Amino acid sequence: MVNQVLVAEIDPKLIDEVEEIVRSTATTICAEQPDVPQPDNLRDLDSFSMVQVLLELENSMSMKLLEKMEHFEGESFRDLATFILIVSAENDEEEQQRAAVASAGEPPTPA
C-alpha cells in the first residue's frame with residue numbers, strides 16, 4: 001500500500017541519502033554479529049537483524065517504523081528508504097491535520 005503520489009514527489013537525492021543511511025545501518029548491525037555476512041539487500045537480513053535495523057533507524061530518525069512495516073513490500077535498501085520517506089510525509093500530513101483541527105477550535109489570535 002504505497003502512496004504513488006508521495007513517491008513521485010520525493011526528491012531522488014533525498015532517497016539516495018536515506019538509502020545510504022539504511023545500508024550503513026544494516027552493514028553495522030550485521031558486522032556486530034558473528035558469522036553474519038554483509039547484506040546486499042534486505043533479503044540478506046534474517047528477522048533478528050531486520051528488527052535491529054528497524055529499531056536503530058527508528059531511534060536515529062525519531063520515528064516509528066516497526067508498526068508500519070505491515071504495509072512494506074520492498075526488497076532493497078532503496079525500497080526501504082522510499083518507504084521511510086513516505087511514512088515521514090504521511091506523519092507530517094497527520095500532524096498538520098491535527099494542528100488545523102486544534103486551531104479551528106481556538107479563538108483567533110490578535111494580530
Side-chain angles (χ1 to χ4, degrees):
M1 188 163 102
V2 172
N3 186 329
Q4 294 299 326
V5 173
L6 286 176
V7 171
E9 294 175 358
I10 298 173
D11 182 350
K13 290 181 182 181
L14 186 56
I15 296 173
D16 292 343
E17 291 174 20
V18 175
E19 178 183 9
E20 185 52 38
I21 293 168
V22 171
R23 182 182 308 280
S24 173
T25 302
T27 300
T28 300
I29 295 293
C30 289
E32 294 172 351
Q33 300 174 51
D35 301 322
V36 175
Q38 293 304 304
D40 291 324
N41 59 51
L42 295 176
R43 288 176 289 155
D44 295 337
L45 299 173
D46 61 19
S47 59
F48 178 75
S49 298
M50 185 64 183
V51 169
Q52 282 189 299
V53 167
L54 291 171
L55 291 175
E56 181 59 33
L57 291 169
E58 282 187 354
N59 187 43
S60 66
M61 296 180 174
S62 300
M63 64 185 298
K64 301 286 184 196
L65 288 173
L66 202 52
E67 65 230 17
K68 304 273 186 175
M69 291 304 290
E70 68 182 285
H71 303 292
F72 179 69
E73 298 176 358
E75 296 180 356
S76 70
F77 295 123
R78 188 166 192 84
D79 293 339
L80 183 55
T82 303
F83 182 77
I84 288 169
L85 291 167
I86 290 168
V87 168
S88 179
E90 290 173 346
N91 289 346
D92 289 348
E93 285 179 8
E94 289 172 9
E95 286 180 31
Q96 289 173 356
Q97 289 173 353
R98 280 193 293 272
V101 168
S103 67
E106 297 175 6
T109 55

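Predicted model only: the values in this text are computed from it and were never measured.
Glu56 pairs by the salt bridge (charged side-chain N to carboxylate O under 4.0 Å, His left out) definition with nothing, not counting sequence neighbours. When the side-chain contact (heavy atoms from CB on, under 4.5 Å) test is applied to Glu67, the partners found at least two apart in sequence or on another chain are Lys64. Listed by chain and residue number, nothing satisfies the side-chain hydrogen bond (donor to acceptor under 3.5 Å, both in side chains) test with Thr28 (two or more places apart in sequence, or in another chain). When the side-chain contact (heavy atoms from CB on, under 4.5 Å) test is applied to Ile21, the partners found at least two apart in sequence or on another chain are Thr25, Leu57, Met61.
Within the structure, salt bridge (Lys or Arg N to Asp or Glu O under 4.0 Å) contacts touching residues 12-29 (residues at least two apart or in different chains) are Asp16-Arg78, Glu19-Arg23, Glu19-Arg78. For residues 41-52, the side chain to side chain donor-acceptor pair (under 3.5 Å) pairs, not counting sequence neighbours, are Gln33-Ser49, Gln33-Gln52, Arg43-Glu75, Asp46-Ser49. Sorted pairs that involve residues 25-41 and meet salt bridge (Lys or Arg N to Asp or Glu O under 4.0 Å), not counting sequence neighbours, are lacking altogether.
You'll find the side chain of Leu80 reaches within 4.5 Å of the side chain of Met69, heavy atoms only. With a 4.5 Å cut-off on side-chain heavy atoms, Val36 and Phe48 do not count as touching.
Between Leu42 and Ser76 the shortest heavy-atom distance is CD1-O, 3.3 Å. Between Glu58 and Leu66, the closest heavy-atom pair is OE2-N, 2.7 Å. Nearest heavy-atom pair across Cys30 and Pro37 is CB-O, 3.8 Å. When all heavy atoms of Ile15 and Ala81 are compared, the pair lying nearest together is O-CB, 3.8 Å.
Rounded to the nearest 0.5 Å, atoms CZ (Phe77) and CD1 (Ile84) are 11.0 Å apart. To the nearest 0.5 angstrom, Phe83 atom CZ is 7.0 Å from Leu65 atom CG.
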